[in-house]
Amino acid sequence: MSFSNIMDSNSYTGGLSTDPDTEKLIEARTRLLGPAYRLFYERPVHLVRGRGSHMFDADGVRYLDAYNNVVSVGHCHPHVVAAITRQAETLNTHTRYLHDGIVEYSQRLLDTLGLDRVMYACTGSEANDLALRVAQMYTGARGVIVTRDAYHGNTEAVTAISPSIGGATSIGPHVRTVAAPDSYRAGADVAARFLVEVQAAIDDLRASGDGVSCLIADTFFSSDGIYPDPSVLGPAVAAVRAAGGVFIADEVQPGFGRTGEAMWGFTRHGVVPELVTMGKPMANGLPVAAMAARSEVLDAFACEVPYFNTFGGNPVSMAAAAAVLDVIEDEQLMANATRVGTALRDELTRLAAEHPRIGDVRGAGLYLGVEIVAAHARSTNGTAHARPDRAAAHDLVNAMRDRRVLISVCGTGGNVLKIRPPLVFSMSDLDWFCTEFADALRQVL
């Protein structure tokens, strides 16, 4: 089977023994769903329920969820569950009928974004697919700029701009890839280097005749390896706009208060995109996604294309999404992300000082990356030249799984530990995480 960086850097490949019931479930899943579906970890986890930042397996064993961005306000949050239940008991239909929920939620959402239009879908893939169509119609160009290990979804159009999928997929001829803004290796030059890469892609797209439709970027560069430096996007976006293109901010992962500093990742960069896409954490597990836009950018598409999504924006989904905003506001989860995330980053940085194989700790709020390297060294100008250690990162993820703490990996080298817990992650959760992580480091490194 072909290797996919985003799918296979932390996936089950078979071979390790598990209990007979789990083996039977794995066999049935493989037989019914086929080989395209991947499971996490060398020994998959059979989960049956969750609450807050904890999950429980079929034997009742408790796990600490330090990875899940889908249920970002916590597993089975009672306010969200109640909102879904009430609306499901009342009405659920599509958006060609009037209902208050979609209007009220849309206003709340747009007020946080600084944009004035929103369209709904069910997945981030659909939202990004729609954003590409809008950008192309507005600009009259086709060319797209993405980072080298970007992931933006799995429709045909967004697979063509998602190089991290790999395997038999191929990047479209209208797509140019640029190196991610690797602040660990580039140091203080990261913004300048990123701008040079983007400008070269602009020049090449113009020369090819495709022109520049858009730069689309996850504003935390999540699949590339988690690069939160807020200096990099402003100059690059300005260059794209000067070439006639627009900026699409993919907020599926960094959005909804994940960084603690702001509701949206693009705010940290000091830019307001023409188009913003969002998904996973939007309704705490229900399939809800959206594309927000400036009306003058959207109108060329919206006035010519009769777009409709059967389930996008349905009343139950809107009730769930509104409840998520309630929880973020009422429980001050952005402040919690800042407080707990800062403490976690400080503790990880302290551990890094004791382990030369930890090359870098970076992130903001409750979104952190820990780079595992073969050697930790810096050149005279301050840039790093340590080699990524994919195998050690893989072993650490599975050592944590065996200690009932769930994380994953990302990055071109598959060597960046991806720590992205629900926004309700507490200081006691932090203590649990750090105790097990220190033990895993002693075992693996």
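Excluded from the calculations below are hydrogen atoms, water molecules and symmetry mates; all remaining heavy atoms, backbone and side chain alike, are included.
More than 12 heavy atoms of other residues, nucleotides or ligands sit less than 6.0 Å from atom OH of Tyr307. Atom OH of Tyr63 has more than 12 neighbouring heavy atoms from other residues, nucleotides or ligands inside a 6.0 Å radius. Crowding of Tyr97 atom OH: a count of heavy atoms from other residues, nucleotides or ligands under 6.0 Å not exceeding 12. More than 12 heavy atoms of other residues, nucleotides or ligands shown are found within 6.0 angstrom of CZ on Arg29. Atom CG of Leu98 sits in a sparse spot, with 12 or fewer heavy atoms from other residues, nucleotides or ligands closer than 6.0 Å.
Looking at heavy atoms from C-beta onward, Arg49 lies out of side-chain contact with Met55 at the 4.5 angstrom threshold. Under the 4.5 Å side-chain criterion, counting only non-hydrogen atoms from C-beta, Asn309 is not in contact with Met119. Between Ile407 and Lys418, every side-chain heavy-atom pair lies at or beyond the 4.5 Å cut-off. Under the 4.5 Å side-chain criterion, counting only non-hydrogen atoms from C-beta, Glu274 is in contact with Arg241. Taking 4.5 Å as the limit, every side-chain heavy atom of Pro421 sits out of range of all side-chain heavy atoms of Asp65. No side-chain heavy atom of Arg362 sits less than 4.5 Å from a side-chain heavy atom of Leu368. Residues Tyr105 and Val288 form no side-chain contact, since every pair of their non-hydrogen atoms from C-beta on lies 4.5 Å or further apart. No side-chain heavy atom of Thr93 sits less than 4.5 Å from a side-chain heavy atom of Asn314.
Ring to ring, Phe40 and Tyr12 are not that close: their centroids are 6.0 angstrom or more apart.
The aromatic rings of His79 and His77 stand perpendicular to each other, their planes meeting at an angle above 60°, with 30° marking the opposite boundary.
Here Glu42 does not pair with Arg401 in a salt bridge; the nearest charged N to carboxylate O distance is not below 4.0 Å. Remark: Arg148 engages Glu197 in a salt bridge, criterion side-chain N to carboxylate O under 4.0 Å. In summary, Arg185 and Asp182 engage in a salt bridge, as defined by a charged side-chain N under 4.0 Å from a carboxylate O. Between Glu371 and Arg357 no salt bridge is recorded (no basic side-chain N to carboxylate O distance below 4.0 Å). Between Arg38 and Asp8 a salt bridge is recorded (basic side-chain N to carboxylate O distance below 4.0 Å). For the pair Asp326 and Arg108, the salt-bridge criterion is met [side-chain N within less than 4.0 Å of a carboxylate O].
With 3.5 Å as the limit, one finds no donor-acceptor pair spanning the side chains of Tyr151 and Ser222. A donor-acceptor pair shorter than 3.5 Å can be found between the side chains of Ser125 and Asn154. His54 and Asp429 share a donor-acceptor pair across their side chains, judged by distance under 3.5 Å alone. Donor-acceptor pairing under 3.5 Å is recorded for the side chains of Asp224 and Thr147. No side-chain N or O of Trp264 forms a donor-acceptor pair with one of Thr219 less than 3.5 Å apart.
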Result block: side-chain N/O donor-acceptor pairs under 3.5 angstrom for residues 278-286, not counting sequence neighbours:
from, atom 1, to, atom 2, distance (Å)
Asn284, OD1, Ser72, N, 3.0
Asn284, OD1, Val73, N, 3.0
Asn284, ND2, Gly74, O, 2.9

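Annotation for Cys434 and Leu344: closest pair SG-CD1, 3.8 Å, computed over non-hydrogen atoms. Here the shortest heavy-atom pairing between Gln199 and Ala239 reads OE1-CB, 3.7 Å.
For the atom pair CG (Leu275) and CG (Asp250), the distance works out to 11.5 Å, reported to the nearest 0.5 Å. Rounding to the nearest 0.5 Å gives a distance of 5.5 Å between CG of Leu417 and CG of Leu396. One distance of note links CD of Gln136 with CG of Asp210; it measures 9.5 Å at 0.5 Å rounding.
Every residue was checked against the side-chain hydrogen bond (donor to acceptor under 3.5 Å, both in side chains) condition with Gln332, not counting sequence neighbours, and none meets it. In this structure Tyr120 satisfies the side-chain hydrogen bond (donor to acceptor under 3.5 Å, both in side chains) test together with Ser106, sequence neighbours excluded.
Considering Ile226, Asp229, Val232 in turn, Val232 is the only one that fulfils the side-chain contact (heavy atoms from CB on, under 4.5 Å) rule with Phe221.
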